[in-house]
Amino acid sequence: MHSAVAPTLLSPDHLAMMDGGVSVIVSSCGADLTPSVMRAVGSHIGDGGRHITVFVCRSQSTQLLRDVARSARLAAVFSQPSTHKTVQLKTRSARLREATDADVPALQRYLRGMEGELTRIGFSAVYARAMLAHRLDDVVAIEFEPELAFDQTPGPKAGQPIRGAA
């Protein structure tokens, strides 16, 4: 049986921006719809944007992780500090797993990208290192396939669905 590859929701430009080590904020909500929000310490864009992994510190993300484990709902906002270009992804099928040594290159790549982005807007690289500091044994990976994508760049298209690419 041959399974077709699902098209990505995101254009090559969106994917390049997201894969450049930009700011990532993730959120979910409790059963009563109370939001939980946390800054990611890393991300990885896989399979042409069809598979996304965001990394958070367990010690700072207790409620978020509880909400994702309960509902599998997640929103992830990727925003480029130097341009404010922003993409929001949503899913109802997020999965949690422990981070492993295999995730270290993605975490390091993300940090280098954020150092570059923050340096462009006047912050030193040490700021990015402090903001994204983590111990691998405290990192949880949240994996998902995006179901919805929105352009959240400030301006006339903010909030519009992204139609993507085939």
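Computed from heavy atoms alone, side chains included, the values below leave out hydrogens, waters and symmetry copies.
The shortest non-hydrogen separation linking Arg70 to Cys29 is NH2-O, 2.9 Å. Contact detail for His44 and Ala106: the closest heavy-atom pair is CB-CB, 4.1 Å. A pairwise comparison of heavy atoms in Ala40 and Tyr110 identifies O-OH, 3.9 Å as the closest pair. Taking all atoms of both residues into account, the shortest heavy-atom contact from Phe78 to Ile52 is CZ-CG2, 3.9 Å. Taking both residues in full, the closest heavy atoms of Met17 and Val22 are given as O-CG1, 3.2 Å, listed atom of the first, atom of the second, then distance. The minimum heavy-atom distance linking Ala141 with Thr53 is given by the pair CB-CG2, 3.8 Å.
Residues Val126 and Leu111 do not share a hydrophobic cluster, defined by chaining ILVMFWY side chains whose heavy atoms lie under 4.5 Å apart. No chain of hydrophobic side-chain contacts below 4.5 Å, direct or via other Ile, Leu, Val, Met, Phe, Trp or Tyr residues, connects Ile45 to Val77. Cluster annotation: Leu132 is not connected to Ile25 through the hydrophobic network of ILVMFWY side chains, with a link wherever side-chain heavy atoms come within less than 4.5 Å. No single ILVMFWY cluster, assembled from side-chain heavy atoms under 4.5 Å apart, contains both Val68 and Leu148. By the criterion of side-chain heavy atoms lying less than 4.5 angstrom apart, applied directly or through intervening Ile, Leu, Val, Met, Phe, Trp or Tyr residues, Val37 is not grouped with Phe55; the two fall into different hydrophobic clusters.
In this structure, the side chain of Arg58 does not engage the main chain of Glu98 through any donor-acceptor pair within 3.5 Å. Proximity of a side-chain donor or acceptor of Glu145 to a complementary backbone N or O of His51 within less than 3.5 Å is not detected. A donor-acceptor contact shorter than 3.5 Å is absent between the side chain of Glu117 and the backbone of Gln80.
A salt bridge does not link Arg73 to Glu147: none of the charged nitrogens lies less than 4.0 Å from a carboxylate oxygen. Under the 4.0 Å criterion applied to side-chain N and carboxylate O atoms, Arg109 and Asp19 are assigned as salt-bridge partners. Glu115 and Arg112 are not joined by a salt bridge, as no carboxylate oxygen comes within less than 4.0 angstrom of a charged side-chain nitrogen.
Annotation for Arg92: atom CZ does not count as buried by contact number, only 12 or fewer foreign heavy atoms lying within 6.0 Å. No more than 12 heavy-atom neighbours from other residues, nucleotides or ligands sit within 6.0 angstrom of CG on Asp101.
The CZ atom of Arg50 lies 9.0 Å from the CG atom of Leu15; values are rounded to the nearest 0.5 Å. From Ser23, atom OG reaches atom CE of Met114 across 5.0 Å, with rounding to the nearest 0.5 Å. Put simply, CG on Asp103 and CG on Leu136 are 7.0 Å apart, with the number rounded to the nearest 0.5 Å. One distance of note links CD1 of Ile142 with OG of Ser28; it measures 8.5 Å at 0.5 Å rounding. Atom CD of Gln63 is separated from atom OG1 of Thr34 by 8.0 Å, given to the nearest 0.5 angstrom. Taken from OG1 in Thr86 to CE in Met18, the straight-line distance is 11.5 Å, to the nearest 0.5 Å.
Applying the side chain to side chain contact (heavy atoms under 4.5 Å, CB included) test between Leu74 and each of Leu96, Leu89, Thr91 identifies Thr91 as the sole match. Partner of Val56 under the side chain to side chain contact (heavy atoms under 4.5 Å, CB included) criterion, out of Val41, Leu65, Val24, Val139: Leu65 alone.
With hydrogens and angles left out, the side-chain atoms of Asp151 and Thr153 include a donor and acceptor closer than 3.5 Å.
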